[in-house]
Every structure is written in structure tokens, then in C-alpha cells.
Amino acid sequence: MAEVQLLGNWASPFSKRVEIALKLKGIQYEYIEEDIPINKSPRVVKYNPIYKKIPVFLHDGKSIAESLLILEYIDETWKEGTPLLPNDPYQRAMARFWAKFMDEKCLPEILKLCYESNYEVRMKAKGELHELLKLLENELIKDNTNLFGEYIEIVSILVTYWIGIIQEAVQVDILKKEEFPNICGWADKLMSRSFIKESRLPPRDKLLVFYKTYAKPLIKEVPQ
Ligand SMILES: N[C@@H](CCC(=O)N[C@@H](CS)C(=O)NCC(=O)O)C(=O)O
């Protein structure tokens with residue numbers, strides 16, 4: 001068994017976070033693609049019996065789940081190479097704060113926008129997501145300077161890459177350049193960085209097809 005293995009899925013921003021961190025640190029790993037959620041393998045259940053989700057990170061046979069925790073584990077275990085979290089305790093706390101904000105506040109609204117069947121619920125999620133992105137725009141990124149380390153850049157791919165594709169799939173226009181210059185500027189800068197390019201984010205067109213398969217456009221259906 002390789003020293004480091006990652007159970008992931010090509011379309012998951014969470015497993016991509018881990019791959020980016022491994023690339024940035026220069027850690028060799030074996031990647032195992034999991035067909036989630038359709039054919040969940042016994043491996044995923046064995047190594048993540050609590051949530052039964054990917055990513056699962058295996059290091060010398062020990063398993064760790066939850067992308068944010070995996071990033072911290074990688075940072076603490078491979079101290080050489082680029083640090084992920086900032087050194088300063090306040091900045092570190094802020095990095096964790098905004099990561100939690102993205103996963104616990106933004107993500108549930110993204111999921112509702114994509115997968116809820118009720119139109120009103122989806123419209124409400126669209127409005128909520130807009131407000132949350134405004135907070136990111138005004139509070140996290142401000143002057144286009146990131147004080148909170150590579151960690152938050154990696155975590156943010158959910159916002160800086162995935163949301164743009166999701167909004168196209170469901171035919172809404174939340175994250176507009178004119179309205180969110182900080183987030184969009186941050187995204188452009190991030191996408192041009194070599195470690196992001198090397199870790200190969202899933203191609204836009206392929207992800208778009210994926211989301212169009214599972215998420216309907218946000219259009220009010222008129223009863224016949
Ligand atoms: N909070 C988790 C989220 C992981 C997650 O939602 N993984 C999804 C794929 S994107 C999954 O494995 N879903 C399978 C399922 O729900 O059965 C993390 O940060 O790692």
C-alpha cells in the first residue's frame with residue numbers, strides 16, 4: 001500500500017482541495033477514484049464509517065475524513081514545503097473562520113439551489129447565497145490581499161471555481177464581475193497560479209455537463 005492514498009471523486013471540490021494541498025507540498029500519493037454517491041465502495045464505508053463520504057485521506061493505513069481537517073493534518077505532518085495555514089495565531093483563526101463560513105453557510109445554500117425540488121426554496125437559497133457572497137466580497141477579500149494563507153485559497157475553490165459553473169448549470173447569475181470584483185479578481189489570480197494548474201481542476205465543460213445532469217435550471221414551471 002502506498003504511504004499516502006486519497007479516495008476522491010473528480011467532480012468534488014472537497015477531494016480537489018486535498019489534491020491541491022498535496023501538489024503544493026510536493027507529496028507523492030496514489031489517487032483512487034470513487035463513484036460517489038451511486039456506487040459507494042466498501043472502501044469508503046470502511047475508512048469513513050461516520051459520514052461515508054469522500055475525500056478520505058490514508059496515511060500509512062490510518063484514515064482521516066473531512067477536507068478541512070485533512071488539510072490541517074497535511075500541514076502539520078509535512079512541515080517542509082509551503083505552509084498551508086499562516087503562522088500567526090490570529091490569522092490562523094481567521095483562516096479557519098472563513099473556511100467554516102464557506103462550508104457551513106455557503107455550501108448548504110449551494111446544495112439547495114442545485115438539488116431542492118421546490119422553486120420557492122431554491123429562489124430563497126439564491127438570495128441567501130447572494131448575501132453570503134457579499135459578506136465574503138466585503139469582509140474576506142477587501143483589497144485583493146489574502147492574509148490568511150494558502151489554506152483559504154485552497155478551500156475557496158468552492159466559491160472561486162465551482163459556483164461559477166453551478167450558476168451556469170442552473171441558469172442564474174449571482175456571481176457577476178461588476179458586483180463581485182474582489183471575489184472574481186481573487187478567482188482569476190488563483191486560477192493562474194501554477195500549483196492550481198498542476199493539480200488540474202476538472203475541466204469547466206465536463207463539470208457543467210455533470211451539474212446539468214443533476215441540477216435543473218431555476219425556472220418556475222407553469223402548470224399545464
Ligand atoms: N464536509 C465534507 C464534505 C464531503 C462531501 O460532501 N463529499 C461528497 C462528494 S462531493 C460525498 O462523498 N457524498 C457521498 C454521499 O453523500 O453519499 C468535506 O469537507 O470533506
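Order of appearance sets the numbers: ligands from 1, and atoms from 1 within every ligand.
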>> Students should find this: residues with any non-hydrogen atom under 4.0 Å from ligand 1. What is the answer?
In response: Ser12, Phe14, Ile36, Pro37, Lys40, Lys53, Ile54, Pro55, Glu66, Ser67
>> For the CE atom of Met102 and the CD1 atom of Ile157, what is their distance to the nearest 0.5 Å?
In response: 10.5 Å
>> Checking Ser15 now: which residues fulfil side-chain hydrogen bond (donor to acceptor under 3.5 Å, both in side chains) with it, not counting sequence neighbours?
In response: none
> How about Lys134: does its NZ atom have over 12 heavy atoms from other parts shown lying under 6.0 Å from it?
Replying inline: yes
>> For Lys40, I'd like to know if atom NZ has over 12 heavy atoms of other residues, nucleotides or ligands within 6.0 Å.
In response: yes
>> Under 4.5 Å between side-chain heavy atoms, counting indirect links through other Ile/Leu/Val/Met/Phe/Trp/Tyr residues: same cluster for Ile166 and Ile219 or not?
In response: no
>> Please verify the inter-ring angle class for His59 with Trp78; under 30° counts as parallel, over 60° as perpendicular, anything in between as tilted.
In response: tilted
